[in-house]
Amino acid sequence: MGTLPGTGVLARLALRRERFIAPWWILLIVTMALVMVSYINRNMATYELKVNYTEVIGGNAFLGALGGGLVEPRLEVLATWRSGGFLYVASAFAALMSVIRHTRREEDAGRSELVLSGRVGRHAPLTAALLVAGGISLAGGTLTAGVLIGIGFEGVGSIAYGAAIAVAGWVFGGVAAVAAQLARSARTATAIALTALGVAYVMRFAGDASGQMWLKYLSPVGWSHLVQPYQDERWWMLGVSVLAATILYAAAYGLLGHRDLGSGLLPERPGPESAPGLRGPVSLAWRLHRGLLVKWAAGVAVFAAAGGALSPLTRDLLSRPSVVVDNIKRTLGVSTGASMLGGYSWYLILILAYAVALYPVLMTLRLRAEEGSGRAELVQATPMIRLRWAAGHLLVTGLGTAALMATAGFVLGFVYALLVGDVATDLPRFVAGALSAVPAAWCVGAASVLAYGLLPRASVAIAWLVWFLTAGLGQVAGPLYGRWGGSPLEPFHYIGNAMIGPPFAPVPTLGLVAVTALLTAGGLLALSRRDFGAEKMVS
């Protein structure tokens, strides 16, 4: 029997499992492209305002590097410049997660072994995963191009932009396919693929910020930026991405033939011969989550340090009267004077808080992954009942969320104080301000806990939807479509600006804690009453 029989069946199965995940990624990509067009139209309606904006961007290397590439005072260029940096990464992230989900995660759960015992070729699961992931990226790029053409944008540039979005997903689908062969677990494969994506983004950003364009040419993310839609339309850069993706796919197939099912080519670090520290639910959860928590803390610290380093530039920028600055002040919710920097600092804290709110969501989904793999069921054979097991994970998750926000406040406050403030007064203020957002992040995670307890099969889609709606309706993304104060439908709306007001508001904070407790209790109660086990989780 050949190596590809069964590919079509597995591809249909993967598409069925993606029906609650992929549409949201595609919708996010298309919506963000349109939101940026609306934002530019609304806030820079005249040519003079567009010129003013491009001069501000062109005069600062950091701001210019956020979008990547040359910016011109034209609607289509400004809109794609603002959205491209996000959409290329979103397409890449969606593709790599899809590939790992349908390859290495299936092996971890033992389902690949069952599938391959039938009339299914050795390469069929990997081929199906690559086809589905590539199709998601292609759908996102094609729909984006079609929508932009539909609103009147020039056709060639729109096609180039959609193609740049698609090939970013194809390349990192290949990265994930290689990582799935190297690693022995889905967790390690995900870490390898996300590290590659992070390095690619940093190289692209550093190349644009420093003017060292060779860094951008070495970055797979940079290749999509270098297509330059609505400007030069450098089609040959699409060919570079397609060639790189092809090489990665070939490497993945080659590595697949040199490993046993369920194993990886990279050596795994052996654990301790005995684990006395794993006798309780909290210690078990800590051992499972500590590695990811450290990586999150490092990422939060880097972003916070970069944001704090921009404080002097922001102070100077906000002191210059212009329409662009007026829009920035409106976004920050401040008027003039010292409160402008406070508004900027709070805006950075909110950006970090919305990102950190994803951490408890992912940790809750790990409960589902542990149950789906059968490992949680094995734990239930010990005196650790399911509620103790889940409560241990949730306690570590809650404390980890608070630790991440404390890290954000400390690093941001320390860098800010060194550059424009005073350590003795600003550092405690930033830490307190960051911690004030923790109850809202807990609330997002608690909604995921309720979904996991009540509807385990749909919990992944629901949890991601909760976070997307929280971020999309919030105070950071809201100004993009005219909602400057965010929406009362998301929990961060009830957190006041602690940088220009009191650091602790008892009523909204206690209210969010109460909602978190109710949602968590509901989820745990539902978990205790429903069927539990790996076979119940398989769709």
Just distance, no hydrogens or angles: give the donor-acceptor pairs under 3.5 Å from side chains in residues 291-302, sequence neighbours left out.
none

Taking only residues two or more places apart in sequence or in another chain, which ones pass side-chain hydrogen bond (donor to acceptor under 3.5 Å, both in side chains) with Gln231? Glu72
Closest heavy-atom contact between Tyr416 and Ser345? CE1-OG, 3.7 Å
Tell me whether Ser448 contacts the main-chain N or O of Val361 through its side chain, where contact means a donor paired with an acceptor under 3.5 Å. no
Using side-chain heavy atoms (C-beta onward) and a distance below 4.5 Å, is Leu197 in contact with Val175? no
Go through Ser137 and Ile165 one step at a time and tell me if the side-chain contact (heavy atoms from CB on, under 4.5 Å) criterion holds. CA-CA 7 Å; Ser137 300; Ile165 293 171; over 6 Å; no
Can you find a heavy atom in the side chain of Arg82 that is under 4.5 Å from one in the side chain of Met32? no
May I ask you to test the Pro73-Tyr47 pair for a side-chain heavy-atom distance under 4.5 Å? yes
Non-neighbouring partners of Ala90 that pass side chain to side chain contact (heavy atoms under 4.5 Å, CB included), sequence neighbours left out: Trp25, Ile29, Phe86
Test item: Leu469 and Glu490 side chains (from C-beta on) under 4.5 Å apart, heavy atoms: no
Check whether any side-chain heavy atom of Phe93 lies under 4.5 Å from a side-chain heavy atom of Phe172, and answer yes or no. no
What's the separation between atom OG1 in Thr509 and atom CG in Leu435, rounded to the nearest 0.5 Å? 11.0 Å
For residues Arg368 and Tyr452, report the shortest heavy-atom separation together with the two atoms involved. CA-CE1, 3.5 Å
Is a side-chain donor or acceptor of Ser98 paired with a backbone partner of Ala94 at a separation under 3.5 angstrom? no
Minimum-distance pair of heavy atoms, taken over all atoms of Leu519 and Ala447: CD1-N, 3.9 Å
Counting distance only, does the side-chain N/O of Ser91 pair as donor-acceptor with the main-chain N or O of Leu87 below 3.5 Å? no
Measuring from atom CG of Leu218 to atom CZ of Arg204, what distance do you get when rounded to the nearest 0.5 angstrom? 14.0 Å
Which pairs count as side chain to side chain donor-acceptor pair (under 3.5 Å) when at least one residue sits in residues 166-175, sequence neighbours excluded? none
side-chain hydrogen bond (donor to acceptor under 3.5 Å, both in side chains) with Trp236: which residues, sequence neighbours excluded? none
Are the side chain of Arg17 and the backbone N or O of Ala14 linked by a donor-acceptor pair below 3.5 Å? no
Under the side-chain contact (heavy atoms from CB on, under 4.5 Å) rule, what do Phe410 and Phe430 come out as? Steps first, then yes or no, please. CA-CA 7 Å; Phe410 179 85; Phe430 272 82; over 6 Å; no
For Leu75 against Ile40, the heavy-atom pair lying closest together: CD1-CG2, 3.5 Å
To the nearest 0.5 Å, how far apart are CG in Leu450 and OG1 in Thr364? 11.0 Å
After noting the C-alpha distance and the side-chain angles of Glu233 and Gln228, does the key distance pass the side-chain contact (heavy atoms from CB on, under 4.5 Å) rule? CA-CA 5 Å; Glu233 279 94 30; Gln228 295 182 359; over 6 Å; no
Side-chain H-bond candidate by donor/acceptor type, Ser224 with Tyr161, under 3.5 Å: no
Straight-line distance of Leu358 CG to Phe468 CZ, nearest 0.5 Å: 8.0 Å
Should we count CH2 of Trp235 as having more than 12 external heavy atoms under 6.0 Å? yes
I'd like to know if the side chain of Thr54 reaches the main chain of Val51, judged simply by a donor and an acceptor atom lying under 3.5 Å from each other, with no hydrogens or angles considered. yes
Closest non-hydrogen atoms of Ala183 and Arg104, given as atom of the first, atom of the second and distance, are O-NH2, 2.8 Å
State, yes or no, whether a side-chain contact exists between Met44 and Tyr39 at a heavy-atom distance under 4.5 Å. yes
For Leu34, does its backbone N or O pair with a side-chain atom of Ser38 as donor and acceptor, under 3.5 Å? no
Greater than 12 external heavy atoms within 6.0 Å of Leu70's CG: no
Under the side-chain contact (heavy atoms from CB on, under 4.5 Å) criterion, do Leu148 and Val37 qualify, and how do the steps go? CA-CA 9 Å; Leu148 293 179; Val37 175; 4.1 Å; yes
Looking at every non-hydrogen atom in both residues, tell me the closest pair between Gly85 and His225 and how far apart they are. CA-CE1, 3.6 Å
Around atom OH of Tyr230, are there more than 12 heavy atoms of other residues, nucleotides or ligands at under 6.0 Å? yes
Would you give the length of the straight line joining atom CD of Glu76 to atom CD1 of Ile151, rounded to the nearest 0.5 angstrom? 10.0 Å
Main-chain N/O of Gly157 paired to Glu154 side chain as donor or acceptor, under 3.5 Å: yes
With a 4.5 Å heavy-atom cut-off, do Arg234 and Val227 have their side chains touching? no
To the closest 0.5 Å, what do you measure between CH2 (Trp464) and OG (Ser459)? 12.5 Å
Side chain to side chain contact (heavy atoms under 4.5 Å, CB included) involving Ile149 - partner list, sequence neighbours excluded: Ser158, Ile159
pair Asp426-Arg429: side-chain heavy atoms closer than 4.5 Å: yes
